[in-house]
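Below is one structure; the comments refer to it alone.
In what follows, every chain begins at residue 1, and chains take the letters A, B, ... in the order their sequences are listed.
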Amino acid sequence: MLDIRLIREQPDQVKAGLASLGADPALVDQLLSLDEDRRRTEGEVSEMRARRNSGSKEIGKARDNEQREAMKSEMRALGDEISAGEARLKQAEADQQTLLLDIPNLPLAGVPVGADDRENIVVRNVGEPRVFDFTPKPHWELGAALGILDIERGTKISGSRFYVLKGAGAALQRALIAFMLDLHVRKHGYTEIYPPAVVKEQCLVGTGNLPKFGDNLYRDIEDDLWLIPTAEVPVTNLHREEILDGAQLPIKYVAYSPCFRREQMSAGRDVRGIKRGHQFDKVEMVKFVTPETSEAELAALVDNAEDVCRELGLAHRVIQMCTGDLSFVAAVKYDVELWAPACGDNGGEWLEVSSCSCFTDYQARRAGIRYRPAPGVKPEFVHTLNGSGLALPRTLIGVIENYQNEDGSITVPEPLRGYMGGMEKIG
RNA sequence: GGAGAGAUGGCUGAGUGGUCGAAAGCGGCCGCCUGCUAAGCGGUUGUAGGGGUGUUAAGCCCUUACCCCGGGUUCGAAUCCCGGUCUCUCCGCCA
């Protein structure tokens, strides 16, 4: 969430930021009035509590019994006033918090201003999309024919938007996961994490998924736990309510996890195949960094994600989101998209395989993640960053479609062969 | 799931109704001392909110809250009562 002091001190700047996102700048004025109310109430309550504290001490010291009783009844009356004041304060704090949690992060200064995804910017193209001397088939056709992807049975057992990977298809995904983890751990210096796939509500508030986006999440009512939509949630919350040692930063984690999203929209042509399911696997990178380094760390993060594409020999591009297409929590965001030659309506489509964001101190403030720049210095909020490295189904699509052969077989990319018992070709 | 024990500051650990934001030790920080190091000596050392005073700085002053969480009793709660969470031990179950 945003710093209430920033809103108090620079309301116009905050309004302008919200406007560039397409959010309502009037939220600022609402918040300011709630804040004023809260502070006034807090002052009143503190003052009453101070009187009670000193009054109670007097009672402790008083000798005369009659006098004590008189003082007690006085304090009793004050106690009632305090209770009433505390109730008002609690309400005022809750009101302010509720609104604050509903306000998105502000874009960083360099982010291009734009209304929606049409104004995003292509930062770079890397690699040439493969030129086929035959008509490439989409992955759902190749997968079905090879017996490595079974969408029908996935639907049978779990409903629409579920699928089953089988044989070399399942092995290929597993190889990709292991390959990505090893790449980020060994080459890029991340620490591997295996996180829970189910978390408490508080974690989702911390990362910004709740309270606003609860309808995209699966939830277990019995134990009041939620299935994670991304490993970002448990991994970011690893350091919730902690004060980290500044000397330890940056902290870089990489985690493989399944992800669960309800994706309530209707099934359609654009989601043919395994591009968008309710359950998918993802390797996610998460960083905790100091504010001064976050820009450079984001660039490195994007590069780490791209490195997976480079190593796999997949053509890709990097897109910078304009203000209007930023997520709720991101201050800057770059997507890595890889080329899938047979998806989409007319011969190929760019698939988003990674979304790399810097959240500045927005998540850190929600989740209470701070660091101490030096011994004895006041704690400050860290900057959090994350990015997929990469999302599995779409990377799988990229491999299947780009590495297909005219006979319907798939060549296993060189770096994955060691993870597949030396297999060079599927089919 | 059943029975029992427990949860206090960065750590260990005292504290069973007021003099406790909390002893003591360790660690950290500042200074002193000592050829160096180690040891020693002195001081200091939680987080957050509100108000005041500074340049919407640093600093300083006042004040509130926090001894796992939420309620309650009381003029007053780390301390008493109730509910919950988590940890440990034993039993059960289980990959």
(message) I want to verify the glycosidic state of B:G54; is it syn or anti under the 90° rule?
(response) syn
(message) Between C1' on B:U63 and CD on A:Glu47, what's the gap in Å once rounded to a whole number?
(response) 10 Å
(message) Heavy atoms from C-beta onward define the side chain here; which of B:U47, B:U19, B:G50 lies closest to that of A:Lys57?
(response) B:U19
(message) Both distances below 3.5 Å, Watson-Crick or wobble geometry, any strand: find the nucleotide opposite B:A5.
(response) B:U87
(message) Measuring to OP1 and OP2 of B:G50, would you say a side-chain N or O of A:Arg49 lies under 4.0 angstrom away?
(response) no
(request) Go through B:G50, B:G70, B:G76 for me and flag the one nearest to the A:Arg39 side chain. (result) B:G50
(request) Check the surroundings of atom NZ in A:Lys15: do more than 12 heavy atoms from other residues, nucleotides or ligands lie under 6.0 Å from it? (result) yes
(message) Please determine whether a side-chain nitrogen or oxygen atom of A:Arg372 lies at a distance below 4.0 Å from atom OP1 or OP2 of B:U47.
(response) yes
(message) I need the residues from residues 1-18 of chain A with at least one non-hydrogen atom less than 4.0 Å from RNA chain B; give them sorted by number, or say none.
(response) A:Arg5, A:Arg8, A:Glu9
(request) Any strand is fair game: report the nucleotide pairing with B:G40 by Watson-Crick or G-U wobble, both distances under 3.5 Å, or none. (result) B:C32
(message) Measuring from the side chain of A:Ala50 (C-beta onward, heavy atoms only), which nucleotide among B:G70, B:U63, B:U19 has the closest atom?
(response) B:U63
(request) Specify the residue among A:Glu93 and A:Val45 whose closest nucleotide of RNA chain B lies further upstream toward the 5′ end. (result) A:Glu93
(request) With C1' as the reference atom in both, quote the distance from B:G13 to B:G17 in angstrom, rounded to an integer. (result) 22 Å
(request) Between B:G50, B:G18, B:G76, spot the one nearest the side chain of A:Ile59, thanks. (result) B:G18
(request) Give the rounded distance in Å between these two atoms: CG of A:Leu78 and P of B:C75. (result) 12 Å
(message) I'd like the C1' distance from B:C36 over to B:A23, given in whole Å.
(response) 37 Å
(request) Rounded to whole angstrom, note down the P distance from B:C90 over to B:A38. (result) 43 Å
(request) Between B:C32 and B:A24, how far apart are the C1' atoms? Round to whole Å, please. (result) 24 Å
(message) Looking at every heavy atom in both A:Asn237 and A:Gly206, which two are closest together, and how far apart are they?
(response) OD1-CA, 4.5 Å
(message) Taking B:C68 as the reference, what is the distance to B:A78 when you measure between their P atoms (whole Å, please)?
(response) 10 Å
(request) Measure the shortest side-chain to side-chain distance between A:Ile369 and A:Glu241 over non-hydrogen atoms and say whether it is less than 4.5 angstrom. (result) no
(message) When you compare the side chain of A:Pro393 with that of A:Tyr163, does any pair of heavy atoms fall below 4.5 Å?
(response) yes
(message) Can you check the distance between B:G4 and B:U73, where both ends of the measurement are the C1' atom (answer in whole Å)?
(response) 28 Å
(request) With a 3.5 angstrom cut-off on both distances, give the Watson-Crick or G-U wobble partner of B:C11, or none if there isn't one. (result) B:G25
(request) Compare side-chain N and O positions of A:Lys378 against OP1 and OP2 of B:G59 and report whether any pair is under 4.0 Å apart. (result) no
(message) Measuring only between side-chain heavy atoms, which start at C-beta, is A:Arg276 closer than 4.5 Å to A:Arg394?
(response) yes
(request) Kindly point out which of B:G49, B:G51, B:U19 is positioned nearest to the side chain of A:Glu42? (result) B:G49
(request) Answer yes if the side chains of A:His316 and A:Glu306 hold a donor-acceptor pair under 3.5 Å, and no otherwise. (result) yes
(message) Both A:Ser54 and A:Lys200 contact RNA chain B. Taking the nearest nucleotide for each, which residue is further toward the 5' end?
(response) A:Ser54
(request) Report yes if a side-chain nitrogen or oxygen of A:Arg76 is closer than 4.0 Å to either non-bridging phosphate oxygen (OP1 or OP2) of B:C75; otherwise report no. (result) yes
(request) Flag the pair A:Asp303 and A:Arg310 as a salt bridge only when some basic side-chain nitrogen lies within less than 4.0 angstrom of an acidic carboxylate oxygen. (result) yes
(request) Considering only atom C1', compute the distance from B:A77 to B:U8 and round it to an integer number of Å. (result) 14 Å
(request) Using the C1' atoms only, state how far B:C88 lies from B:A95, rounded to an integer number of Å. (result) 23 Å
(message) I'd like to know whether CD of A:Glu380 has more than 12 heavy-atom contacts from other residues, nucleotides or ligands below 6.0 angstrom.
(response) yes
(request) May I ask you to verify if any side-chain N or O of A:Asn53 is less than 4.0 angstrom from the OP1 or OP2 atom of B:U64? (result) yes
